[in-house]
Amino acid sequence: MQVTETLSDGLKRGFTVTVPSGELESKRTARLKELGQSMNLPGFRPGKVPMSIVKQRYGAAVQGEVLEQAVSDATRALLDERGLRPATQPRVDLVSDAEAAAGDLEFKVEMELLPEIAQPDLSTLTLTRLKATPDAATVDKALQDIASRQRSFETIEEVRPAAQGDVLVVDFVGKVDGVAFDGGTAQDVNVEIGGAGFIPGFAEQIEGMTPGEEKVITVTFPADYSAENLAGKEATFDITAKALQRPVDVAIDDDLAKKIGFEGLEQVRELITKQVEQEYEQLSRLRIKRELLDALAEKTDFEAPQGMVEAEFAQIWQRVEADRKAGQMDDEDKEKDEETLRSDYRKIAERRVKLGLLLAEIGRVNAIGVTQDEMLQAIRAEAMRYPGQEQAVFEFFRKNPQAAESLRGPIFENKVVDYVIELATVEDKDVTPEELAEIPPADL
């Protein structure tokens, strides 16, 4: 194999590779002999079919197979011999005729290399771990929400308009452009006047209706509404008021706890406290990880492979375009022109690529990997998101190894983050739940 370097520009490399015809011919002959040994034709004993007939039948297919394998082997040898680590799949272009039955094989291979990344001194990092403690008010609010969901309702016999705090029982038919849409028709629905949970403007417009009254209201679905066919659209609802009710509050006591399956109220309080603590721990980890990534971003003083940046930018921009089409862009982005918007998101793409490469290098140097058990736990967690379909999810990942591999990246990143946090100097700081929940904007 003869190799000539044709390009060396930053991280870009290019080579012309020539594989001698003799090497190709020996591989073709060996493959044809292998096929001839298993070939059965009337009039010939097994393995005794003349080579001329084997070539006639399989020659073209073997030629393509040998050329493809030769290119793959030569490219791999080139990378190994020169210690090259491509950032993305090398691009290969044949120079010689791929269908030629004789002559040398010549092809060009171009690639972008991974940059040399110096291992930073992680012990110099200083991070702050924010910590919040559930207070009595938070637990009481959660108990009130539970009690609210357990309320009963009693009919108001007095004939009067629905007022704030009342519950109006209604039938409705929703229409877009005069046509009823799927999921927009319902009977005997309880709508709390002044309450949340319905499309903005729905409960407000039925305030004042009296049982037996009919009314047509107009509302606009939010731009981020879960049903894409309705998001941002104006709709009418034909409302029929049927009854007026008032909620009957439930006492927050041991009886409420037993009603929802607990031994007593104290057990419910303990469970709520643990759940809130877990939420705070997740927020705390999110904040320190964010701070860590910002600190590491300052240490990414290496060139990012532009192919990786372009691929990352393309994914980001696809989401930006989707948000723009759905009317869900951030207010800040709405004020930017196209050029500025692309420039900002390209910076984000470059930051992500550099951080990903730095984390990968930290993991490689320190032998951090993802075990089979960790992969299995991730697949199991993914399956739990689809109650009743767990077996189908496991089967999907078994048949689609690439999909399973998509779970490996987040696991690896979190293990590297944990490793770095262990080496860094971490100061714990007590904050309020509100301060913990404040996520600062990411640095570009």
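Just so you know, these numbers use all the heavy atoms, side chains as well, and skip hydrogens, waters and symmetry mates.
The aromatic rings of Phe221 and Tyr225 lie tilted to each other, with the angle between the two planes from 30° to 60°.
Using a 4.0 Å cut-off between charged nitrogen and carboxylate oxygen, Glu192 and Arg151 count as a salt-bridge pair. In this structure, Arg324 pairs ionically with Glu338, as a charged nitrogen and a carboxylate oxygen lie closer than 4.0 Å.
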Give the C-alpha distance, both sets of side-chain angles, the deciding distance and a yes or no for salt bridge (charged side-chain N to carboxylate O under 4.0 Å, His left out) between Glu413 and Lys289. CA-CA 10 Å; Glu413 179 179 296; Lys289 180 179 178 180; 2.7 Å; yes
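Evaluation of the ring-ring contact (aromatic ring centres under 6.0 Å, His included) test over residues 66-92, restricted to residues two or more places apart or in two chains, returns none. Sorted by first then second residue, the ring-ring contact (aromatic ring centres under 6.0 Å, His included) pairs that include residues 132-177, not counting sequence neighbours, are Phe172-Phe202, Phe172-Phe237.
Here the straight-line distance linking atom CD of Glu214 with atom CG of Asp171 works out to 9.5 Å at 0.5 Å rounding. Taken from CG in Asn366 to CG in Leu122, the straight-line distance is 7.5 Å, to the nearest 0.5 Å. The structure places OG1 of Thr6 at 11.0 Å from CZ of Arg13, a figure rounded to the nearest 0.5 Å. The distance from the CD atom of Gln69 to the CZ atom of Arg31 is 10.5 Å, given to the nearest 0.5 Å. Taking CD1 from Ile252 and CD from Gln150, the interatomic distance works out to 11.5 Å, rounded to the nearest 0.5 Å.
Counted by atom type alone, Arg76 and Ser72 present one or more donor-acceptor pairs between their side chains at under 3.5 Å. With hydrogens and angles left out, the side-chain atoms of Asp135 and Thr138 include a donor and acceptor closer than 3.5 Å. Judged purely by distance below 3.5 Å, without hydrogens or angles, the side chains of Glu207 and Gln164 pair a donor atom with an acceptor atom.
For Gly369 against Glu374, the heavy-atom pair with the smallest separation is O-OE1, 3.9 Å. Annotation for Ile348 and Ile316: closest pair CG2-CD1, 4.0 Å, computed over non-hydrogen atoms.
Under the 4.5 Å side-chain criterion, counting only non-hydrogen atoms from C-beta, Leu78 is not in contact with Pro90. Using a 4.5 Å heavy-atom cutoff, the side chains of Val71 and Val17 are not in contact. Side chains of Lys215 and Ile206 form no contact here, defined as non-hydrogen atoms less than 4.5 Å apart.
Side-chain atoms of Glu23 do not come within 3.5 Å of backbone N or O of Val19 as any donor-acceptor pair.
In the displayed structure, Asp428 atom CG is contacted under 6.0 Å by more than 12 heavy atoms of other residues, nucleotides or ligands. More than 12 heavy-atom neighbours from other residues, nucleotides or ligands sit within 6.0 angstrom of NZ on Lys27.
With sequence neighbours excluded, the residues satisfying side chain to side chain contact (heavy atoms under 4.5 Å, CB included) with Leu84 are Phe15, Leu79, Arg82, Met111, Leu113.
Among the candidates Leu125, Asp121, Thr126, the single residue satisfying the side chain to side chain contact (heavy atoms under 4.5 Å, CB included) test with Ser123 is Asp121.
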